[in-house]
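The structure appears right after this line, and notes come after that.
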Number of protein chains: 2
Amino acid sequence: MERSIFASAANVSERLEQPPALAISTVIFALRPSESSGRPTLWLPLVRRIREPFKGLWALPGGPLMQSQSLQDAAATNLADTTGLAPNYLEQLYAFGGLHRSPSQRVISIVYWAMVQPTEAALAQESDNVRWFRADGLAELAFDHNQIVDYALWRLRNKMTYGSIAYHLLGETFTLAQVREVYEAVLNRTVDPANFRRQLKQTAHIEATDEFLQGGKHRPPRLYRYTGEPNAENSGSPPSIS
Amino acid sequence: MERSIFASAANVSERLEQPPALAISTVIFALRPSESSGRPTLWLPLVRRIREPFKGLWALPGGPLMQSQSLQDAAATNLADTTGLAPNYLEQLYAFGGLHRSPSQRVISIVYWAMVQPTEAALAQESDNVRWFRADGLAELAFDHNQIVDYALWRLRNKMTYGSIAYHLLGETFTLAQVREVYEAVLNRTVDPANFRRQLKQTAHIEATDEFLQGGKHRPPRLYRYTGEPNAENSGSPPSIS
DNA sequence: ACAAAAGTGTTTTTTTTACACCCATGT
DNA sequence: ACATGGGTGTAAAAAAAACACTTTTGT
């Protein structure tokens, strides 16, 4: 099994029988104010393809897998190169291995998805070939990346409905209303503030600070802090995975 | 493919090494009567390693990835080779890519998990190098396959708690009590028959036949049939994934 | 003083759980 | 007829949703 795997696959007419290429890609989510309403919405960074196939189209940030990196490390590197940020949350999404995902060579992409905080650093990274887009209503992307983004969105929403991962899209401290806004932005529906507050207070890994957010128009809300592991998924995985 | 942003990272020392090997493995679950109690329990087939590393230890069935096969097809082939059965349910589990999973070469395993029906065919397939084991309390397996089985078990239990996938471990028709037994075996706790019945009746994709299971000691229970797609997960995935 | 969001309390509704009870069949 | 699992009914408990109301700040 784990050695000479490709020995038996020797009779197809393809050139040289090179094994499928392995790539790592990452769907990176961050919160940014909508241009129109100003309310926070989901955005993700894409990179422009500078060669064929799909030259000129936008695609998920990705790259080859280095021998010295674990899959997760590769995705984190990927993320840092694109956004300049360290991931606040990083999880494997899926291994996409359809036969004709790439028109030329067969490519198997192990895709991760991540959440990062909306720092100014994210803005600074924008260039002609790296740009942020709203997560919904994307134009046609390269390869099967539209499907991948859809799946990542589905997973994000799913985890958010029963799981406490919304904090990973926020900064160090945050108000409960901000958490609620994340839910409303991601799940695309309104949430009752009173009930939401109670639910959050029941969940673990969230701790009240003794500070309040100043500068608002009204009564200053208390700030809270997330105390769980930076990259821990409170609902969705076994102890440890390599 | 998407190596644009990685042009700079290409000068590491280990350059000319062969790329990581790609393997497909499958965790196959089936229901079999326990030796002791006779009640249905979870079993899975393992194959004995006939070469180093881990020669002699038991491992998950796995094999190379043919160029002409999609990942899912490769897993299905895998499954047929080991059990002689067609999968009743097949889903990608995870891509394991830790650096030192295999002592010799670096191997990235894309692992699927499956459910098959407890047919006699399964028994016939047993040989000296293929054997079924109880899913819990496995001995030490080759590579990181213990972890992988644990994760697959976790996923199976998770999907079963909110999702209707138990049918895939049963035959064409089944009684509601049999479905309940599956739940009890997998989740390892008792379930109230009355409430369980009601919950099932609410879910879709389950249809009453006009037949009854004869030959029992008591009142013959009605037989039901699963009407969903053979391989569809009613809770856990987007439309289609390649 | 007033508007508006922060935060608390209470009621209503829905879902889950527990369990009493009748039904049908083999022995 | 009786023991046993199949199947139905119903009430208690818990969780979720709806909504009235009080508090605190900026203007």
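In what follows, chains are A, B, ... by sequence order, proteins preceding strands, each numbered from 1.
Mapping A:A194 and A:P220 onto DNA chain D via the closest heavy atom, the residue that lands nearer the 5' end is A:A194. Residue-to-nucleotide proximity on DNA chain D shows that, of B:R197 and A:Q199, the 5′-proximal contact is made by B:R197. The 5' end of DNA chain C is approached more closely, in terms of each residue's nearest nucleotide, by A:P193 than by the other of A:P193 and B:Q202.
As a whole-Å value, the separation of A:L176 CG from C:dG7 P is 6 Å. Rounded to an integer number of Å, the gap from B:N195 CG to C:dA18 C1' is 7 Å. Rounded to whole Å, the distance from CG on A:D192 to P on D:dC19 is 9 Å. We find that CG of B:L200 is positioned 13 Å from P of C:dT16, with the value rounded to whole Å. Rounded to an integer number of Å, the gap from A:F196 CZ to C:dT8 P is 15 Å. For A:Q178 and C:dG7, the CD to P distance is 12 Å, given to the nearest whole Å. Atom-to-atom, CD of A:Q214 to C1' of D:dG26 comes out at 11 Å; the value is rounded to the nearest Å. Taking atom CG of B:L223 as the reference point, atom P of D:dG7 lies 9 Å away to the nearest angstrom.
Aromatic pair B:Y167/B:F174: ring centres closer than 6.0 Å. Side-chain rings of A:Y89 and A:W113 approach one another, their centers coming within less than 6.0 Å.
One donor-acceptor pair, N or O on each side, does fall under 3.5 Å between the base of C:dA6 and the side chain of A:R219. On a pure distance criterion of 3.5 Å, no polar donor-acceptor pair joins the side chain of A:R198 and the base of C:dG7.
The minimum heavy-atom distance between A:L156 and A:F29, with the atom names listed, is CD2-CD1, 3.9 Å.
As judged by a 4.0 angstrom heavy-atom cut-off over every strand, B:A177 is placed among residues touching the sugar-phosphate backbone only.
Note: A:Y162 and B:Y162 have parallel aromatic rings, judged against thresholds of 30 and 60 degrees for the angle between ring planes.
Checking C:dA6, D:dG7, C:dG7 against every side-chain atom of A:R180, the shortest atom distance belongs to C:dA6.
For A:E35, the CD atom sits in a packed shell: over 12 heavy atoms of surrounding residues, nucleotides or ligands are nearer than 6.0 Å.
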